[in-house]
Amino acid sequence: MNFIPTWLRRLASPQHFFGDIKLWIAWLYVLGTIGFLVGSVWGLAFVPPERYQGDSFRILFVHAPIAHLVQVIYISIAIAGVVHLVWKLKMADIYMSAAAPIGCWLTVLALVSGMIWGAPTWGTAWVWDARTVSTLILFFLFFGLIVLRRVIPNPTRAAAALSILAIVGTINIFIIKFSVVWFKTLHQPASIELFGDIAIAPVFLAPLFINIASTYVLAAGFILANMRYLVAVRNVSMTWNQEWVQGRKQ
Amino acid sequence: MRYWALYRRELLIEFRSGVESLIPIIFFLLVVGTFVFTLRSFTAGDNRVIVSVIWITTLFTSLLSLDKLFKRDHADGTLAVAVLHSDAITATVVTKLVAHWSVTGIPITVLGPAVGLLAGMHIDHASMLGFTLLIGTPTITMLGALVTALLVGLGRGGELLTVLVLPLYIPILLFGISVCHLHIDSASYTSELFWCFALLTGSTTAIPLALGPILKLSQDS
Amino acid sequence: MMELLTMDGHGIYVWSAYILTITVLLGLGSYPFIRLARFKQRHQEDNEPK
Amino acid sequence: MSSTHLTISDLRCQPGSQELFDGLSISVSGGETIELRGPNGCGKSTLLRIMAGLQQPDSGDVTRYVEPLGYLGHKFGLASILTVQENLRWTSTLNGAKFDTARAQDLLETFELRTATNKLIQELSTGQKRRCSFVCLLIGEYKLWLMDEPFSSLDNQGEELVRELIQEHCGKGGSAVIASHSTSPLAHAALVELGIN
């Protein structure tokens, strides 16, 4: 596999990952935080109120990126699952374990911030439509991954089980998403469609995109930080790890 | 020949366990009965409630019966023997699933509409309910078996299975119920029915092939 | 300034959503480091008696 | 005659913190009997399970040249609410062979299970179940036998019978890997000591 650059191949080894990734995490945290602050302040204070929703639409600048992000995280876990099943890559397994709890919490956040947005906008905090339902199911699926990880003592078996559940769950989520067509709902149709017409006024787009990008960056940082922890835990007996614990190495 | 012999073995085990294998069906009748009785002011004029009740009870019934799908074979070591015969593992798995469906899916497909009729459903609506259950129950068995296989030998019971399986049942549940509801409303239900068939074919082709390797891995504990 | 806080009566929703989001993000961001520090401390303690 | 049945090379297995074996290589050929010896917890059962493919090693390769393998573990591999005959029939079904009633009767006779043919497995004693699982092994026509404590719960006569059978099996070009506590090793068996590290 010569097309993979050396620095990336280095990351497949736990020892190098543990050392190298520290700088990455720092950068991702800094960039993500700055981006998120800029996007949020912009959305809060420097954008005019929306015609129909008034000021509560400003919640969308934090709700929509997260709601979008959690789906991407789930799909990425499924992709890591495929990678794990095909190439038996240990890092893919660690990725799955690291991303699941973060995805789970962010899904809760997306649901709650969605409810806070829905209360003044729809007049009701919860609506049974395809998107709220699919996010709710996503939460259960994330929860399932975490539980499955905990109950299977054998790591090889746990990783395989996680991969399979993530893959089946992704198919599941896609089907539920498609079913949006048959549900007549209050939810506004997906606002930004890839390669489609953009139904949002351009003035709102800048802060929204900044926040989408920065939540991606932040989530990447969180997941990598979690992976770093898991790498340390799973390699307790290794010399490099012992040295790090003893404080002989940073 | 091999399939038939393996299928006979599974059925034999089911029949030998006697009354025990009837528990899920009794559970189904009990729950549907309780619902229809307590909700009779809602179900009286509206077949849609009965449809939903029967479909959801079908899911719970499957959870109850799936728990023991591989448990007995794992406990007595026959699952390990079956797994070692890797050229026969797909046959073993398929016959096991078909047998499981024969003793839970088929009775529910028959009893569901029958109970619906007793609860006051129109005959047309009841037969449509039976038809969606006929498509839906194999899908339910497949998805449930997949997750059950992941949990073989962990000594954990139904509550874990519930949390993991129910989210995966949502699509077939939604489409199955949608078909019935649209039919009751005299609306077009072709696309929902198409999805039901898609889920049926998808799960019945992919899952039996995946189960062999999963069961092999499940021996590792 | 007051206008930014109240937002026509929607302020309570907007601000609670933002505060909640930031809290969760802070928690998720710091937890891996807290866990790692705890892990390191625990193993230092394990190794000391030897 | 001396075809290779199974090879393992550079096997490493470390379940939990304790290392069972590292860099273990064994080759099993036709006609060979290998006896694994060592104290409790040294990994005899684990090694057999890895050989069978029921467990994955941490690293190293296992190559099986004959399949399916006959594996006899701590569990008997017999469905408890089926009869002896039905279990035997199932074994030959899995192998894709036609069930040979006469041969089954012969084997049951050898193992003194003739009268139990139509009894349910759960009605048998532990020793009888063990005997029945040997009959399954023979009905299955496996080339390589992996046996975990095959003599446990057998009487002296049964143990003698099994020893003879293993010898006969390996004489006909079959092979066997046996984990055992028995004080007297099998005749002609190559010993592999585990648990030295």
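Chain A is the first sequence line, chain B the second, and so forth, proteins listed ahead of strands; every chain is numbered from 1.
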Which pairs with one or both residues in residues 110-149 of chain D pass ring-ring contact (aromatic ring centres under 6.0 Å, His included), sequence neighbours excluded?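 Every ring-ring contact (aromatic ring centres under 6.0 Å, His included) pair that includes a residue of residues 110-149 of chain D, provided the two are not neighbours, is B:His85-D:Tyr142, D:Trp145-D:His169.
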Tell me, side chain or backbone of [X] under 4.5 Å from chain B's heavy atoms, or both, or neither?
X        : result
D:Leu78  : backbone
D:Leu69  : backbone
D:Leu120 : side chain
D:Gln56  : both

Side chain / backbone / both / neither for B:Ala75 at chain D, heavy atoms under 4.5 Å: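 When you check distances to chain D, only backbone atoms of B:Ala75 fall under 4.5 Å.
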Contacting moiety of B:Thr92, where chain D heavy atoms sit under 4.5 Å: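 Contact with chain D is through the side chain of B:Thr92 alone.
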Shorter than 4.5 Å, heavy atoms on both sides: which option in D:Leu72, D:Ile121, D:Ile81 has the most such pairs with chain B?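 The answer is D:Ile81.
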For D:Lys75 and B:His74, which heavy atoms make the closest approach, and how far apart are they?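 Smallest interatomic distance, heavy atoms only, reads NZ-O, 3.0 Å.
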Indicate the atoms forming the closest heavy-atom contact of D:Trp90 with B:Thr78, along with that distance.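 Heavy atoms only, the tightest pair is CH2-O, 3.4 Å.
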Among residues 5-13 of chain B, which ones touch chain D with a heavy-atom distance under 4.5 Å?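 At a heavy-atom separation under 4.5 Å, chain D is reached by B:Ala5, B:Leu6, B:Arg9, B:Leu12, B:Ile13.
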Please determine whether the number of non-hydrogen atoms from other residues, nucleotides or ligands lying under 6.0 Å from atom NZ of D:Lys129 exceeds 12.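 It does: D:Lys129 NZ has more than 12 such atoms within range.
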Could you grab the distance from atom CD1 of B:Ile89 to atom CG of D:Leu94, nearest 0.5 Å is fine?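 Answer for the CD1-CG pair, B:Ile89 versus D:Leu94, is 8.5 Å.
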